Amino acid sequence: MTEDRVYNFSAGPSILPEPVLQRARAELMNYRGTGMSVMEMSHRSAAFSEIFAETKEKFRKLMRVPGSHEILFLQGGATLQFAAIPMNLMEGGTADYAITGNFSGKAAKEAEKYGTVNIAFSTESCGHSRIPAQEELRLTPDAKYFYYCANNTIYGTEWQYVPESGSPLVCDMSSDILSRPVDVGKFGLIYAGAQKNLAPAGLTVVIVDKSLAGRELPYTPQIMSYETMIRHDSLLNTPPCWCIYMLSLMLDWVQEQGGAAGMEQLKKARAQLVYDCLDDSRLFHAHAEKGSRSDMNVTFRTGDAALDAEFIAFAAARGLANLKGHKLAGGMRASLYNAMPIEGAEALVRTIKEFERNHV
Ligand SMILES: *Cc1c(COP(=O)(O)O)cnc(C)c1O
C-alpha cells in the first residue's frame, strides 16, 4: 500500500485496488491518444463505444453470463431496482421476499405498491443475525419471483447457498457481486449497485433473463423498463460513462487475480483471519451466527458502546478507516470487499489484538 493511503473499510462507496486507480490516473488527461479524458467523451463516440462493448464482454466472461441473459449498465443505484423489479416482473401478482436485513426490507416495502408481497421469511426478530434455511422459506405456488439479498451489508450475514424457489430468482448482489463464482443461469435477475465491489458510485449492473423482459406495468417509465433498456443496449440516454470505464479497469484487475474463483479465495482468507481473531477474543464478539456470517461485511462489537467508539478511534489512528458500524446495527463493521488486500485484514487483526491487550 502507498504510504499516504489508509486501509479503507467503508461499506460503500468503497476501496478500489491501487493498480486500478493508478491506471485511471495515467489515462486521465489523454485516453489512448484521443487527447481527452473518458469523462469528457461523447457516449456515442468510437472510443467510448469500444470501452462499453469491451466492458460488457469482460463482465460476461468473468461472471460466465449465459447468452439467455442481458447485461445492463444503468443508473439510480440499487434502490431504483427496488421499484424497477416489481414494475417489470410482478405483473400485479404475488412475489415472495426473504427479509434478511435492511435493504431486502426496503425492497419488499417498495414492491407492495405494485402487487402482493409474501414475506417468505424474516430474520427481524433475531436482529438479522442469521440466514434462513431452505426448509424455512414459505413460498407461494406460482409466485412471479422470489427475491432475496445475497449479502446483508448492514448486519453482516450472507447466504451460503442459492435458494430453490420454483419461481424466477431475483437477487440483490450489491455487496458481494464478483466475490465468488455464481451460476447466473439459475437466476431470473441479478443486480448490484457498483460502489461496493465494482466501481465508483453511479452505476448499477443488472443481469436479466431476456425471457422475463417485456411484462412491465403500462406506466413504467421508459428508463426503468428492462425491455427498452435491452433494446437500446443500455444507451437509451447517457450512461454513467466514467463508472463503466472504471468497471472495465476493475474487471481487468479481477481477471489478473484469478477471476471470480480468485476473488473467492481471497474473500475466504480475509474473512477467516478476522473471524478467527474475534472468536478467540475475550473483548470482542461477532454479531452474525456461524454458518450465516458474511465474508464481505464483518460486524462485531464489545457490547459497550463507549469501548466500541474508543476502538474505532484507536484503529483510525493506525490507518484503519471507517470501521464504525451502521447506525441500525451499532458496533463495528469491517467491509472486506473485492479490492481489500489481505494485508488490510492482517492489519485489522493486529489492531484488535493490540487493543485487547490494553483492555483485558
Ligand atoms: C448499498 C446497498 C444497497 C443500496 O444501494 P444504493 O446504490 O445506494 O441504492 C442496496 N442493497 C445492498 C445489499 C447494498 O449493500
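Counting starts at 1 for both ligands and their atoms, following the listed order. Because the structure is predicted, anything quoted here is derived from the model rather than measured.
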Worksheet entry | Charged N-O contact under 4.0 Å between R270 and D295 | no
Worksheet item: Which residue holds the protein heavy atom closest to atom 14 (C) of ligand 1, what is that atom called, and what is the gap in Å?
Response: K196 NZ, 2.9 Å
Discussion item. Please classify the N151 to ligand 1 contact at 4.0 Å (heavy-atom distances, strictly less than): side chain, backbone, both or neither.
Written reply: backbone
Response to the item:
the protein heavy atom lying closest to atom 4 (C) of ligand 1 turns out to be F103 CE2, 3.6 Å
Practice prompt. Below 4.0 angstrom from a heavy atom of S174, which ligand 1 atoms are there? Numbered from 1 as shown, please.
Written response: 11 (N), 12 (C), 13 (C), 14 (C), 15 (O)
Worksheet item: Which ligand 1 atoms does C149 reach within 4.0 Å, using its non-hydrogen atoms?
Response: 13 (C)
Item to complete: Please identify which atoms of ligand 1 are closer than 4.0 Å to at least one heavy atom of S175.
Response: 13 (C), 15 (O)
Fill in: For atom 5 (O) of ligand 1, closest protein heavy-atom neighbour
A78 CB, 3.4 Å
Practice prompt. Among all protein heavy atoms, pick out the one at the shortest distance from atom 9 (O) of ligand 1; state its residue, atom name and that distance to 0.1 Å.
Written response: T79 OG1, 2.5 Å
Practice prompt. Decide whether N152 and T157 meet the rule of one side-chain donor and one side-chain acceptor closer than 3.5 Å.
Written response: yes
Worksheet item: Excluding sequence neighbours, so at least two apart, what forms ring pair (Phe, Tyr, Trp, His ring centres under 6.0 Å) with F52?
Response: F73
Practice prompt. Please check if any side-chain donor atom of N322 sits under 3.5 Å from a side-chain acceptor atom of S10, or the reverse.
Written response: no
Worksheet entry | Nearest-contact summary for atom 8 (O) of ligand 1 - protein heavy atom, Å | Q195 NE2, 3.5 Å
Practice prompt. Give the residue, atom name and distance (to 0.1 Å) of the protein heavy atom nearest atom 11 (N) of ligand 1.
Written response: D172 OD2, 2.6 Å
Worksheet item: For atom 15 (O) of ligand 1, what is the nearest protein heavy atom, given as residue, atom name and distance?
Response: T153 OG1, 2.5 Å
Worksheet item: Between Y161 and W159, how do the two ring planes meet: parallel, tilted or perpendicular, split at 30° and 60°?
Response: tilted
Worksheet item: Are K106 and D172 ion-paired here, with the side-chain N under 4.0 Å from a carboxylate O?
Response: no
Practice prompt. Return yes if some donor-acceptor pair links the side-chain N/O of E227 with the main-chain N/O of E216 below 3.5 Å, else return no.
Written response: no
Worksheet item: Should the pair Y147 and Y191 be assigned to parallel (<30°), tilted (30 to 60°) or perpendicular (>60°) ring geometry?
Response: tilted
Discussion item. Can you tell me which portion of A201 lies within the under-4.0 Å heavy-atom range of ligand 1? Options are side chain, backbone, both, or neither.
Written reply: neither
